[in-house]
Amino acid sequence: FRSSVVKKIFLFFCIQYALFASEIPNFHDLSQCRGAVFLLTTPRSGSNLFSSGLSAITRRPISWLWWGDSVFAPGSDKKRHPSYNRLQLPMVSDRPLLYRSHYELKELSQIPSDSNQLIFLTRNPKELIFRAYRLANPRKNEPDFGFIENFLRGYLAPLKLFDSWDPDHRMLVYYEDLIANENEIFLDVLRFMGVYPAYLDDFMANKEEYKKRALESYKRQHKRNNGGNSSVGAPKAIFYSLDARPEILSLIDEYIAKTEPYLWERYLKRFESRREIYD
């Protein structure tokens, strides 16, 4: 009997070790990664709201793909980085829930999509175009075609990578849906990841305080450039193209539909410009 109990305990710890190991990507050979979750986000699409919310609900930290495995090194200062635990909550585990990325498309393309999960967070491209343009050109109202074309090349590249990922191991989240149905989206994401929402009730009861902490953390992280573009001017707008001419909005739609018809039909047609959606 004692031997049987010992074997069961040993098996339990073997399983726990296997689960632990599977959640730490092999950063020295990304093609050998297994069982990890990667979050690819379009900048200015609610990345920090989304990741800090997931961290609060699960009480697990968020790491970055570009940090590699240095975050696990003894005495690593990465765990003191504001983004690792934005809300400064007690963590139930120091294993990162997922690994964030904005631009590491080359690295993500090396990761086996049939044995790792990818969550892609993005937003209506027209809102991002006008947001980026007005930040760069505050005295001008309308971007020219060159600006639009250049922006869309960068915007569509991660969407192409997402589309190439194994369909059973990918999930697309739109910022607009996150804002409108925060509770449901977080539950859907955690269900996709197979992670129990242990602290969801606490998050929903205190989410305004948590959002305030997340913003303050972001400002500290980007204190050298006035707190970062995501934290300048509150409250945040969802629509930045309200005053745009219908012709320029249609031009953006037509450009995407012509250059990337599959991506347009599958992912972006929902944002087709119709003035009534803003009424």
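- At least one donor-acceptor pair closer than 3.5 Å links the side chain of Ser76 to the backbone N or O of Ser70.
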Open item on the list: Please evaluate residues Asp177 and Arg123 with respect to the criterion salt bridge (Lys or Arg N to Asp or Glu O under 4.0 Å), reporting the C-alpha separation (whole Å), side-chain torsions for both, the decisive distance (0.1 Å), and the verdict.
Closed with: CA-CA 9 Å; Asp177 295 338; Arg123 184 176 186 175; over 6 Å; no
TODO: For the pair Phe192 and Ile119, evaluate side chain to side chain contact (heavy atoms under 4.5 Å, CB included) and give the outcome as yes or no after the intermediate values.
DONE: CA-CA 9 Å; Phe192 166 74; Ile119 301 168; 3.8 Å; yes
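- Distance check: Glu107 CD to Phe38 CZ gives 10.5 Å after rounding to the nearest 0.5 Å.
- Expressed to the nearest 0.5 Å, how far CZ of Arg266 lies from CG of Leu172 amounts to 9.5 Å.
- A heavy-atom distance below 4.5 Å is found between the side chains of Arg95 and Arg60.
- The minimum heavy-atom distance linking Pro143 with Ile129 is given by the pair CG-CG2, 4.0 Å.
- Geometrically, Arg86 does not engage Tyr218 in a cation-pi contact, judged by NZ or CZ lying under 6.0 Å from the ring centre and within 45° of the ring axis.
- Of the possible donor and acceptor atoms, one in the side chain of Thr259 sits under 3.5 Å from a partner among the backbone N and O of Tyr255.
- Note on Arg34 versus Asp114: no salt bridge recorded, every NZ/NE/NH1/NH2 to OD/OE distance being 4.0 Å or above.
- The structure places CD of Glu254 at 9.5 Å from CD of Glu272, a figure rounded to the nearest 0.5 Å.
- For Tyr174, the ring pair (Phe, Tyr, Trp, His ring centres under 6.0 Å) partners are Phe271, not counting sequence neighbours.
- Although no hydrogens or angles enter the test, the distance criterion places a donor-acceptor pair under 3.5 Å between the side chain of Asn116 and the main chain of Cys33.
- For the pair Phe151 and Pro125, the tightest heavy-atom approach, listed with the atom from each and the gap, is CE2-O, 4.2 Å.
- For Asn150, the side chain to side chain donor-acceptor pair (under 3.5 Å) partners are Arg153, not counting sequence neighbours.
- At distances below 3.5 Å, at least one donor-acceptor pair connects side-chain atoms of Glu127 with backbone N or O atoms of Tyr240.
- Every residue two or more places apart in sequence or in another chain was checked for a side chain to side chain donor-acceptor pair (under 3.5 Å) with Ser55, and none qualifies.
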- [ ] List the steps, then state whether salt bridge (Lys or Arg N to Asp or Glu O under 4.0 Å) holds for Glu209 with Arg213.
- [x] CA-CA 6 Å; Glu209 171 62 24; Arg213 288 192 206 175; 3.3 Å; yes
Task: Pair Phe120-Thr42, side chain to side chain contact (heavy atoms under 4.5 Å, CB included): steps then yes or no - done: CA-CA 8 Å; Phe120 180 41; Thr42 303; 3.6 Å; yes
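- His169 and Ser113 get closest at one heavy-atom pair: CB-O, 3.3 Å.
- Comment: Asp243 does not engage Arg134 in a salt bridge, judged by the lack of any side-chain N to carboxylate O separation of less than 4.0 angstrom.
- Side-chain heavy atoms closer than 4.5 Å link hydrophobic residues (I, L, V, M, F, W, Y) into clusters, and following such links, even through other members, never connects Leu89 to Tyr196.
- No side-chain heavy atom of Leu118 sits less than 4.5 Å from a side-chain heavy atom of Leu39.
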- [ ] Assess whether side chain to side chain contact (heavy atoms under 4.5 Å, CB included) is satisfied between Ser83 and Ile62, documenting all intermediate values.
- [x] CA-CA 7 Å; Ser83 65; Ile62 307 294; over 6 Å; no
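- Side-chain N or O atoms of Arg59 include one that pairs as donor or acceptor with a backbone N or O of Ala56 at under 3.5 Å.
- Residues Ser101 and Leu108 share a closest heavy-atom pair of OG-CD1, 3.9 Å.
- Atom CD of residue Gln117 and atom CD1 of residue Ile111 lie 12.5 Å apart, to the nearest 0.5 angstrom.
- Shown here are the side chain to side chain donor-acceptor pair (under 3.5 Å) partners of Ser45, two or more places apart in sequence or in another chain: there are none.
- Closest approach of Lys79 to Val71, counting heavy atoms only: CE-O, 3.2 Å.
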TODO: List the steps and the verdict of salt bridge (Lys or Arg N to Asp or Glu O under 4.0 Å) for Glu260 and Lys160.
DONE: CA-CA 10 Å; Glu260 297 291 345; Lys160 292 179 184 178; 2.9 Å; yes
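- Val92 belongs to a hydrophobic cluster with Tyr199, counting contacts under 4.5 Å between side-chain heavy atoms of Ile, Leu, Val, Met, Phe, Trp and Tyr, direct or through other members.
- Between the side chain of Ser241 and the backbone N or O of Ala244 there is no donor-acceptor pair closer than 3.5 Å.
- The side-chain heavy atoms of Leu40 and Trp165, taken from C-beta on, include no pair separated by under 4.5 Å.
- Counting only residues at least two apart or on different chains, the salt bridge (Lys or Arg N to Asp or Glu O under 4.0 Å) pairs with a member in residues 180-199 are Glu182-Lys207, Glu182-Lys211, Asp188-Arg191.
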Task: CA sep, side-chain torsions, deciding dist, call: Phe203, Phe186, ring-ring contact (aromatic ring centres under 6.0 Å, His included) - done: CA-CA 11 Å; Phe203 173 75; Phe186 279 131; 5.4 Å; yes
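- Within a 6.0 Å sphere centred on CZ of Phe145, other residues, nucleotides and ligands contribute more than 12 heavy atoms.
- Remark: Lys126 engages Asp253 in a salt bridge, criterion side-chain N to carboxylate O under 4.0 Å.
- Under the 4.5 Å side-chain criterion, counting only non-hydrogen atoms from C-beta, Leu190 is not in contact with Leu200.
- In this structure the side chain of Pro158 reaches within 4.5 angstrom of the side chain of Leu105, judged on heavy atoms.
- Each of Trp67, Trp64, Phe27, Trp66 was checked for a ring-ring contact (aromatic ring centres under 6.0 Å, His included) with Tyr99, and the lone residue meeting it is Phe27.
- Pro61 is not listed as a side-chain neighbour of Leu97, based on a closest heavy-atom distance of 4.5 Å or more.
- Put simply, the side chain of Ile248 reaches to within 4.5 Å of the side chain of Phe130, judged on heavy atoms.
- Two residues are said to be in side-chain contact when any heavy atoms from C-beta on lie closer than 4.5 Å; Thr58 and Pro197 fail this criterion.
- Residues Tyr175 and Phe50 place their aromatic rings such that the two centres sit no closer than 6.0 Å.
- One hydrophobic cluster, built from ILVMFWY side chains closer than 4.5 Å, cannot hold both Tyr103 and Leu159; they sit in different ones.
- Under the 4.5 Å side-chain heavy-atom criterion for Ile, Leu, Val, Met, Phe, Trp and Tyr, Tyr210 and Leu187 are members of the same hydrophobic cluster.
- A 6.0 Å sphere centred on CG of Asp201 holds no more than 12 heavy atoms belonging to other residues, nucleotides or ligands.
- From Trp264, atom CH2 reaches atom CZ of Arg270 across 11.5 Å, with rounding to the nearest 0.5 Å.
- Nearest heavy-atom pair across Arg170 and Tyr267 is NH2-OH, 3.8 Å.
- Atoms CD and CD1, on Glu247 and Ile252 in that order, are 12.0 Å from each other to the nearest 0.5 Å.
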- [ ] Please assess Glu176 against Asn124 for the test side chain to side chain contact (heavy atoms under 4.5 Å, CB included), listing each intermediate value before the final yes or no.
- [x] CA-CA 8 Å; Glu176 288 78 6; Asn124 182 343; 3.3 Å; yes
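- Within the 3.5 Å criterion, the main-chain N or O of Arg80 finds no donor-acceptor partner in the side chain of Asp77.
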